[in-house]
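Contents: one structure, followed by commentary.
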Amino acid sequence: MEFKHTSVLLNECIDNLNISPSGIYVDGTLGGGGHSSVICSHLSEEGTLIGIDRDRDALNAAKQRLEKYNCKKIFVQSNYSDIKDVLRELNIDGIDGALLDLGVSSFQLDNAERGFSYMADAPLDMRMSQDDGFTAYDVVNSYDQKELAEIISKYGEDKWAKRIASFIVNGRKDGPIETTFQLVELIKAAIPAKARREGPHPAKRTFQAIRIEVNDELGQLERAIEEFCDVLNPHGRLCVISFHSLEDRIVKDIIARRANPCTCPKEFPVCI
């Protein structure tokens with residue numbers, strides 16, 4: 001399947017990275033290379049792009065797309081939260097900029113076999129890296145009702161979380177829930193008809209919650225922001241594209257704390 005992804009906020013990210021032609025830049029969520037292709041176009045032969053992705057298909061697609069650019073290109077299959085380990089293995093002390101485009105890619109959503117989409121029937125999977133063993137099937141079929149309700153409420157921010165969890169647990173009494181459409185039908189049954197008509201697709205929030213749980217997205221994001229702040233060179237830039245309030249809150253809280261590290265009591269007039 002061809003890797004297609006629309007690069008959102010492309011101009012804004014490129015402008016804010018303030019790319020130096022000979023600098024070192026990291027695309028921590030490489031995907032199909034949309035953002036990276038424009039980063040590479042701003043780099044000279046002395047410049048370096050490090051592309052990181054958990055998805056082997058993404059890396060292979062990006063390698064082909066970026067082949068025409070003359071800058072140095074390094075492709076790494078890893079989690080962006082492991083940026084310090086990646087740079088250590090490359091003997092790189094610091095970077096001049098980084099971009100993180102959070103969430104699931106269009107390719108992953110459109111590839112029905114990956115099980116990310118509630119619009120196509122597929123096995124329950126949702127792994128961003130197919131080398132991982134833990135899948136959406138495991139969450140849906142092994143978590144108890146309380147655990148399911150907690151992740152749907154916390155990661156999906158769905159007010160019907162307890163009811164959805166109850167329908168899932170009751171639904172699997174007849175056998176394991178194996179496909180996305182099986183799960184969608186249970187979610188639809190759990191949400192009252194009026195709420196289904198007025199809001200977004202009834203399964204949207206639950207699928208988001210399960211995907212976040214499978215891939216530990218928020219835990220990895222929190223670690224990543226801390227580590228990227230540590231490896232930025234002076235005047236380096238970090239651009240993060242977030243798609244929901246949970247991601248947004250983590251990024252803003254960490255950046256605000258790192259930008260204002262003083263924790264001295266207010267009554268002390270001088271910081272030491």
Practice problem: In sequence, state the C-alpha distance, the side-chain angles, and the governing distance for Leu66 and Ser37, and then conclude on side chain to side chain contact (heavy atoms under 4.5 Å, CB included). | Solution: CA-CA 6 Å; Leu66 303 179; Ser37 64; 3.7 Å; yes

Exercise. Under the side chain to side chain contact (heavy atoms under 4.5 Å, CB included) rule, what do Leu100 and Val251 come out as? Steps first, then yes or no, please.
Key: CA-CA 11 Å; Leu100 302 177; Val251 175; over 6 Å; no

Quiz item: Ile164 and Ile191: side chain to side chain contact (heavy atoms under 4.5 Å, CB included), yes or no, with the steps?
Solution: CA-CA 7 Å; Ile164 293 169; Ile191 298 177; 4.1 Å; yes

Quiz item: Are Asp132 and Val214 close enough, and set up right, to give a side chain to side chain contact (heavy atoms under 4.5 Å, CB included), and what steps lead you there?
Solution: CA-CA 9 Å; Asp132 295 339; Val214 168; over 6 Å; no

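Side-chain N or O atoms of Ser36 include none that pairs as donor or acceptor with a backbone N or O of Gly33 at under 3.5 Å. A donor-acceptor pair under 3.5 Å links the side-chain atoms of Thr180 to the main chain of Ala122, judged by distance alone. A distance-only check finds a donor-acceptor pair linking the side chain of Lys73 to the backbone of Tyr69 [under 3.5 Å]. Looking at Arg54, its side chain never comes within 3.5 Å of a backbone N or O of Ser129 through a donor-acceptor pair. Arg163 contributes a side-chain N or O that, together with a main-chain N or O of Ala190, makes up a donor-acceptor pair within less than 3.5 Å. No side-chain donor-acceptor contact under 3.5 Å links Asn215 to the backbone of Glu217. Under the 3.5 Å distance criterion, the side-chain polar atoms of Gln182 are matched with a main-chain donor or acceptor of Thr179.
Side chains of Ile52 and Thr29 form no contact here, defined as non-hydrogen atoms less than 4.5 Å apart. Counting heavy atoms from C-beta outward, Pro176 and Glu178 have side chains that approach closer than 4.5 Å. Annotation: side chain of Asp96 is not in contact with side chain of Ser20 (no heavy-atom distance under 4.5 Å). Leu43 is listed as a side-chain neighbour of Tyr25, based on a closest heavy-atom distance under 4.5 Å. You'll find the side chain of Arg196 reaches within 4.5 Å of the side chain of Lys188, heavy atoms only. Inter-residue side-chain proximity for Asp253 and Arg257 is flagged as unmet; no heavy-atom pair is nearer than 4.5 Å. Taking the side chain as every heavy atom from C-beta outward, Asp125 and Gln130 approach each other to under 4.5 Å. Considering only heavy atoms from C-beta on, Arg258 stays 4.5 Å or farther from Ile255 through its side chain.
Comment: Asp55 engages Arg114 in a salt bridge, judged by a side-chain N to carboxylate O separation of less than 4.0 angstrom. With respect to the salt-bridge test (charged N to carboxylate O, under 4.0 angstrom), the residues Arg223 and Glu227 qualify.
Between the side chains of Gln77 and Asp131, a donor-acceptor pair is found at a separation under 3.5 Å. Side-chain contact check for Glu46 and Ser22: no donor-acceptor pair (N or O, by modelled atom type) lies under 3.5 Å. Using modelled atom types and a 3.5 Å distance limit, the side chains of Ser245 and Asp248 yield no donor-acceptor pair.
The nearest pair of heavy atoms linking Gly133 to Asp138 is O-OD2, 3.7 Å. Closest non-hydrogen pair, Ala224 versus Ser81, comes out as CB-CA, 3.7 Å. The minimum heavy-atom distance between Phe116 and Arg127, with the atom names listed, is CZ-O, 3.5 Å. Looking at every heavy atom in both residues, Gly51 comes nearest to Leu59 through O-CD2, 4.1 Å. Scanning both residues, Ala98 and Leu17, for their nearest heavy atoms gives O-CD2, 3.5 Å. Across all non-hydrogen atoms, the minimal contact from Tyr118 to Lys204 is CE2-CA, 3.5 Å.
Rounding to the nearest 0.5 Å places CD1 of Ile74 at 8.5 Å from CG of Leu49. Taking NZ of Lys252 as the reference point, atom CD of Glu247 lies at 12.0 Å (rounded to 0.5 Å). With rounding to the nearest 0.5 Å, the separation of CG in Asp53 from CG in Asp57 is 9.5 Å. Leu183 contributes atom CG, which lies 5.5 Å from atom CG of Leu124 (distance to the nearest 0.5 angstrom). Summarising the geometry, atom CG belonging to Leu9 is positioned 11.0 Å from atom CD1 belonging to Ile14; distances are rounded to the nearest 0.5 Å. Note that CG of Asn170 is 9.0 Å distant from CG of Leu186, once rounded to the nearest 0.5 Å.
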Enumerate donor-acceptor pairs with a distance under 3.5 Å from any side-chain N or O in residues 144-155 to protein atoms, sequence neighbours excluded.
from: Asp144; atom 1: OD1; to: Lys146; atom 2: N; distance (Å): 3.2
from: Asp144; atom 1: OD1; to: Glu147; atom 2: N; distance (Å): 2.8
from: Glu147; atom 1: OE1; to: Asp144; atom 2: N; distance (Å): 2.9

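Linking Ile, Leu, Val, Met, Phe, Trp and Tyr whenever their side-chain heavy atoms come within less than 4.5 Å leaves Ile210 and Phe167 in two separate clusters. Phe181 and Ile187 fall into different hydrophobic clusters, where Ile, Leu, Val, Met, Phe, Trp and Tyr are joined by side-chain heavy atoms under 4.5 Å apart, directly or via other members.
Using cut-offs of 30° and 60° for the angle between ring planes, the Phe228 and Tyr80 rings count as tilted.
Around the NZ atom of Lys84, the shell of radius 6.0 Å holds more than 12 heavy atoms that belong to other residues, nucleotides or ligands.
Tested against Ile83, the residues Asp230, Val26, Ile50, Val76 include a single side chain to side chain contact (heavy atoms under 4.5 Å, CB included) partner, Val26.
In this structure Glu157 satisfies the salt bridge (Lys or Arg N to Asp or Glu O under 4.0 Å) test with no other residue, sequence neighbours excluded.
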